[in-house]
Amino acid sequence: MKRSVIVSVVTVLSIIILLTAMVTVNNVSTKSNPAQPFYVGVTYCGDNITDAKLLIDRVKNYTNLFILQSGPLMYNLEATEEICDYAVNAGLSIILSYTRNSIGTLKEVLNTTQTRWGNQFLGIYYNDEPGGKMLDKQEILLQNPQTNQSLHRNQDKSLQFGTSNSTTDIATTYSISGPITISTSPVRLLLLVIHPGTIFDDSDNQDHSIEDEVPPTTTVYYPNGTICYTTTDRTLMFHPDGSVQDENGKIITNQGGIAQFQSYQEVLASLPIQTFTDAANCYIETQQTDLSCLGNVSGVELCTSDYALYWWDYQIGYDTVFAQLGWNNSVTQEIGLVRGAANMQGKSWGTIITWTYTQPPYLTSGEEMYEQMRVSYESGAKYVLVFNYAETMTGVWGALQEAHFGALERFWNDVVQNAGVVHGGIRAEATLVLPMDYGWGMRNPQDNIWGMWDANDTTQQIWNQLQNQLSQYGSKLDIIYDDPTYHSIINRYSYIRYWNQTD
């Protein structure tokens, strides 16, 4: 009888202990991982200390990060220090925004950040939208990593660069898969004849140089094999069938044949950008050259925001990329792209809620903002930011309105401070693998590739695959690239689909 009672008591105690353990485990699993910090904050884009402090006071009870992103104030060290001191004393962490033009002030700030603000200084937000500018900026200067040669990308997506030798200046202009134009002009040589007993005097401002006897020429190589050769006095068309025409279309036979020229393929093979990988390397080299002006900032987290090419932003050297949520773009797609790039490359990521409109109210509704912040948090973002900029910036709050402050406060109370909402609880279970170095904007099926190639059948195929996977997996989808560097860790995903899979 006693033994039965003892067994019963032990059984009951065991059940109680088991239930207690289950409750404990369940409670732990529903809380944010303390090893994964999370920051939510707003940017200040105004031009004075007073408004910055007012904004800090307004949001300090439901944010933990303040980003000073003021164009005028980034050159004012004293104002920067006063605003950041105020934010830190209010319990907020800080990130400072700078551009290449304000490097001098940035270096002064970095001399004191650790001693002045300690761990509450989170890093530097340097430049903005490098990937977006690569796709959309009308003109851009690129650096060729093999030759350290500068290339100018024109508004029409053509590339232009120049070379020289001892006698000739050579300018090359080409579009990918389009005509290649090579123009040569003689180097001007200075010939001075000074007779004995005379003194050379160039005060007359006259040109005392003479040109090489070689005339300037322009040669256009067409993809179909035709070559157009122009000198100062005539134009000749050399055709693959061996015929030659003058500028009037008349067949002539005394000018040799097309064999005297290189072929289109041979000329194309000598050009610095021919493939997506060439474009990726030039993009990385150009941006790394820009970052190098910062000097040694190995101990400082470098951040930027962008709306495309996140994968390569990390390869440039950024530690954190804020994916821009705005312009009615797909939130799940942007999160899949930036989280996939960060996960594969071991970096941090965040989102920044930017404009939906180009005029007031600029930002989306408070309800939509709350949902964008919530899904970012649950998807594992380290940062959730609000870009608080208006065209005039005459008001105290910038672009933020009462509905937006309400969304921030609700997000803080109902999500960040809620143990039942897991930070990073929405994990990427699936991944879509895109072609290596395929720098496609992905905003629509007709978006460009690296700002140089137009959309084609491949982009449409990827677009269709992307829509299918997003509809199936939603926020559980990462979007990555087929880079051999990261093949060893791709198996972290339960489901892997390549862009060209048909089953």
Side-chain angles (χ1 to χ4, degrees), residues 34-128 290-305 316-322 347-350 352 381-389 393 396-398 400 408 412 416:
Q36 298 293 325
F38 174 75
Y39 299 96
V40 55
V42 299
T43 69
Y44 174 70
C45 303
D47 61 2
N48 65 86
I49 297 172
T50 300
D51 286 352
K53 290 182 177 181
L54 287 172
L55 182 60
I56 290 168
D57 289 337
R58 180 69 190 268
V59 301
K60 65 184 180 182
N61 293 325
Y62 45 85
T63 63
N64 58 0
L65 173 63
F66 187 78
I67 304 95
L68 183 57
Q69 194 181 19
S70 166
L73 296 181
M74 71 173 61
Y75 300 95
N76 188 330
L77 181 60
E78 292 183 1
T80 295
E81 291 179 340
E82 183 174 346
I83 292 170
C84 290
D85 286 346
Y86 194 83
V88 168
N89 290 334
L92 304 179
S93 294
I94 53 173
I95 290 177
L96 304 180
S97 176
Y98 286 91
T99 66
R100 185 165 189 169
N101 293 333
S102 55
I103 288 296
T105 311
L106 168 58
K107 290 182 176 179
E108 289 186 71
V109 168
L110 291 176
N111 288 332
T112 61
T113 51
Q114 292 304 316
T115 55
R116 193 178 189 104
W117 302 309
N119 293 333
Q120 286 175 269
F121 170 69
L122 300 184
I124 295 296
Y125 181 154
Y126 181 72
N127 278 351
D128 207 22
D290 188 20
L291 287 180
S292 67
C293 70
L294 294 174
N296 182 13
V297 289
S298 56
V300 178
E301 184 165 322
L302 290 180
C303 315
T304 192
S305 79
I316 290 166
Y318 284 107
D319 302 295
T320 302
V321 177
F322 310 130
K347 301 294 183 71
S348 299
W349 68 278
I352 181 167
K382 181 178 179 179
Y383 299 92
V384 171
L385 313 177
V386 179
F387 177 58
N388 180 29
Y389 175 76
M393 290 302 293
V396 174
W397 310 128
L400 288 169
L408 278 163
W412 180 261
V416 179

| task | Check whether any side-chain heavy atom of Glu81 sits under 4.5 Å from a side-chain heavy atom of Thr112, and report yes or no. | result | yes
| said: Under a 3.5 Å distance rule, please check whether Lys60 uses its side chain to pair with a backbone N or O of Gly91 as donor and acceptor. | reply: no
| message | For the backbone of Gly46 and the side chain of Ser70, can you confirm whether one donor and one acceptor N or O come within less than 3.5 Å of each other? | response | yes
| request: Indicate yes or no for a side-chain donor-acceptor contact from Asp319 to the backbone of Ser348 under 3.5 Å, with no hydrogens or angles considered. | output: no
| query | Does the side chain of Cys84 reach to within under 4.5 Å of the side chain of Leu96, using non-hydrogen atoms? | reply | yes
| Lys53 side chain reached by Thr50 side chain, heavy atoms, under 4.5 Å | no
| message | To the nearest 0.5 Å, what is the distance between OH on Tyr125 and CD1 on Ile95? | response | 9.5 Å
| Do the non-hydrogen side-chain atoms of Ile94 and Val88 ever get within less than 4.5 Å of each other? | yes
| Looking only at heavy atoms, what is the nearest atom pair of Ser102 and Tyr75, with distance? | CB-CE2, 3.6 Å
| query | How far does CG of Asn388 sit from CH2 of Trp397, to the nearest 0.5 angstrom? | reply | 10.0 Å
| request: Please say which of Val297, Thr304, Val300, Asp290 ends up in a side-chain contact (heavy atoms from CB on, under 4.5 Å) with Tyr126. | output: Asp290
| query | Which distance, rounded to the nearest 0.5 Å, do you find between the CG of Leu294 and the CG of Leu106? | reply | 6.0 Å
| Between CZ of Phe121 and CD of Glu301, what distance do you get to the nearest 0.5 Å? | 9.5 Å
| Rounded to the nearest 0.5 Å, how far does OG1 of Thr320 lie from CG of Leu122? | 9.5 Å
| request: Considering non-hydrogen atoms only, spot the tightest contact between Thr63 and Leu408 and give its length. | output: CG2-CD2, 4.4 Å
| So do the side chains of Tyr44 and Val59 get within less than 4.5 Å of each other, counting heavy atoms only? | no
| message | Testing the basics here: between Thr80 and Leu73, what is the closest heavy-atom pair and its distance to 0.1 Å? | response | OG1-O, 3.1 Å
| Between Val109 and Leu77, is any pair of side-chain heavy atoms under 4.5 Å apart? | yes
| field | Short side-chain to backbone donor-acceptor contact, Asn64 and Phe38, under 3.5 Å | value | yes
| request: With the side chain counted from C-beta on, respond yes when Asp57 and Tyr86 share a heavy-atom pair under 4.5 Å apart, and no when they do not. | output: yes
| said: What I'd like to find out is whether the side chain of Tyr39 reaches to under 4.5 Å of the side chain of Leu385, using heavy atoms alone. | reply: no
| Roughly how far, to the nearest 0.5 Å, is the OG1 atom of Thr113 from the CD atom of Glu108? | 13.0 Å
| said: Other residues, nucleotides and ligands only: do more than 12 of their heavy atoms fall within 6.0 Å of CG on Asn119? | reply: no
| task | Taking Tyr62 for its side chain and Arg58 for its backbone only, find out whether a donor-acceptor pair lies under 3.5 Å. | result | yes
